[in-house]
Amino acid sequence: MKEVQLHAKCQEEVVVDEAKLACNVGSGIVSVYATPMMIAAMEHAAVQCLQPFLEEGETSVGVLMHTTHDAATPAGMKVRISAEIIAVDRKKVTFSIIAQDEKDIIGKASHERFVVMKEKFEAKAQAKLC
């Protein structure tokens, strides 16, 4: 892993479509942006933020996500996810993440990822099948 730059930021935008609604992903019966979909977008933003600091063969895996989902977002609205690296402890990288739609901050998260060697990590998981 290269030296990770504290306060590096990444932003991405998603549009809430029918496939991202709670009633369509099994996380509720309401027609609003599903919490699991918001969390997935938050994790994706963190992955993208860390990517420039990884060496060949490295990847990162999520190990902790502490999240609030504070406001509902209907289909058709855009959601902007902002991830910022706030701490590095050897191979553990901590992020602060904010999600906001066109009107409100809809969620916040503290997220931790560990940098691992992709092949070794996957081999260890596959060994569980033996």
Side-chain angles (χ1 to χ4, degrees):
M1 179 171 66
K2 302 172 189 171
E3 185 176 343
V4 177
Q5 180 184 345
L6 280 178
H7 305 294
K9 295 180 182 179
C10 182
Q11 282 193 354
E12 45 188 69
E13 199 171 85
V14 297
V15 175
V16 178
D17 58 24
E18 293 291 319
K20 294 179 182 76
L21 299 180
C23 60
N24 294 327
V25 301
S27 68
I29 61 170
V30 291
S31 297
V32 298
Y33 192 32
T35 301
M37 302 307 288
M38 181 188 75
I39 291 170
M42 289 173 154
E43 188 167 22
H44 187 261
V47 167
Q48 296 305 311
C49 193
L50 185 55
Q51 192 63 37
F53 305 107
L54 300 180
E55 303 281 355
E56 186 173 334
E58 290 181 328
T59 190
S60 66
V61 294
V63 296
L64 176 75
M65 179 73 78
H66 185 263
T67 312
T68 63
H69 194 169
D70 305 310
T73 304
M77 269 196 155
K78 293 178 187 174
V79 174
R80 185 175 63 246
I81 310 290
S82 302
E84 178 181 1
I85 295 172
I86 60 168
V88 180
D89 181 7
R90 295 180 301 235
K91 293 187 175 273
K92 181 175 81 171
V93 181
T94 304
F95 298 84
S96 175
I97 307 172
I98 297 174
Q100 59 186 79
D101 64 21
E102 297 168 47
K103 299 287 184 187
D104 301 304
I105 290 178
I106 64 166
K108 296 179 183 178
S110 173
H111 178 47
E112 293 178 358
R113 302 190 69 76
F114 269 88
V115 176
V116 299
M117 296 304 296
K118 182 181 182 293
E119 285 186 23
K120 184 178 176 183
F121 183 85
E122 289 177 338
K124 185 176 178 181
Q126 289 298 314
K128 289 182 171 186
L129 296 172
C130 299

Val79/Met38 under side chain to side chain contact (heavy atoms under 4.5 Å, CB included): CA gap, chis, key distance, verdict: CA-CA 9 Å; Val79 174; Met38 181 188 75; 5.8 Å; no
Report yes or no: do [X] and [Y] belong to one cluster of Ile/Leu/Val/Met/Phe/Trp/Tyr joined by side chain heavy-atom distances under 4.5 Å?
X      : Y      : result
Met65  : Ile86  : no
Leu6   : Val115 : yes
Phe114 : Phe121 : yes
Val116 : Val88  : no
Met42  : Val14  : yes

With sequence neighbours excluded, what pairs up with [X] under the side-chain contact (heavy atoms from CB on, under 4.5 Å) test?
X     : value
Pro52 : none
Ser27 : Ala22, Val25, Ala34, Pro36
Glu3  : none

Inter- and intrachain pairs under side-chain hydrogen bond (donor to acceptor under 3.5 Å, both in side chains), touching [range], at least two apart:
range          : result
residues 31-42 : Thr35-His69
residues 8-17  : Gln11-Ser82, Glu12-His44, Asp17-Lys20
residues 53-65 : Ser60-Arg113

With sequence neighbours excluded, tell me which residues meet side-chain hydrogen bond (donor to acceptor under 3.5 Å, both in side chains) with His7. Glu84
What is the minimum heavy-atom distance between [X] and [Y], and which atoms define it?
X      : Y     : answer
Glu102 : Gly76 : OE2-O, 4.3 Å
Gly62  : Glu43 : CA-OE2, 3.7 Å
Glu18  : Ala75 : OE2-CB, 4.1 Å

Who clusters with Val32? Use side-chain heavy atoms, under 4.5 angstrom, across I, L, V, M, F, W and Y, and order the result by chain and number. Val30
In this structure, are over 12 heavy atoms from other groups packed under 6.0 Å from Lys2 atom NZ? yes
May I ask you to decide if His66's main-chain N or O and His111's side chain share a donor-acceptor pair within less than 3.5 Å? no
For residues 60-75, pull every pair meeting salt bridge (charged side-chain N to carboxylate O under 4.0 Å, His left out), keeping only residues two or more places apart or in separate chains. none
Determine which pairs satisfy salt bridge (charged side-chain N to carboxylate O under 4.0 Å, His left out) with at least one residue from residues 44-53, sequence neighbours left out, and list them in order. none
Result block: side-chain N/O donor-acceptor pairs under 3.5 angstrom for residues 91-101, not counting sequence neighbours:
residue : atom : partner : partner atom : Å
Asp101  : OD1  : Lys103  : N            : 2.8
Asp101  : OD1  : Asp104  : N            : 2.7
Asp101  : OD2  : Thr73   : OG1          : 2.8

Contacts under 3.5 angstrom, residues 123-130 side chains, donor-acceptor by atom type, not counting sequence neighbours:
none

To the nearest 0.5 Å, what is the distance between CE on Met1 and CZ on Phe53? 10.0 Å
To the nearest 0.5 Å, how far apart are CD1 in Ile106 and OG1 in Thr68? 10.0 Å
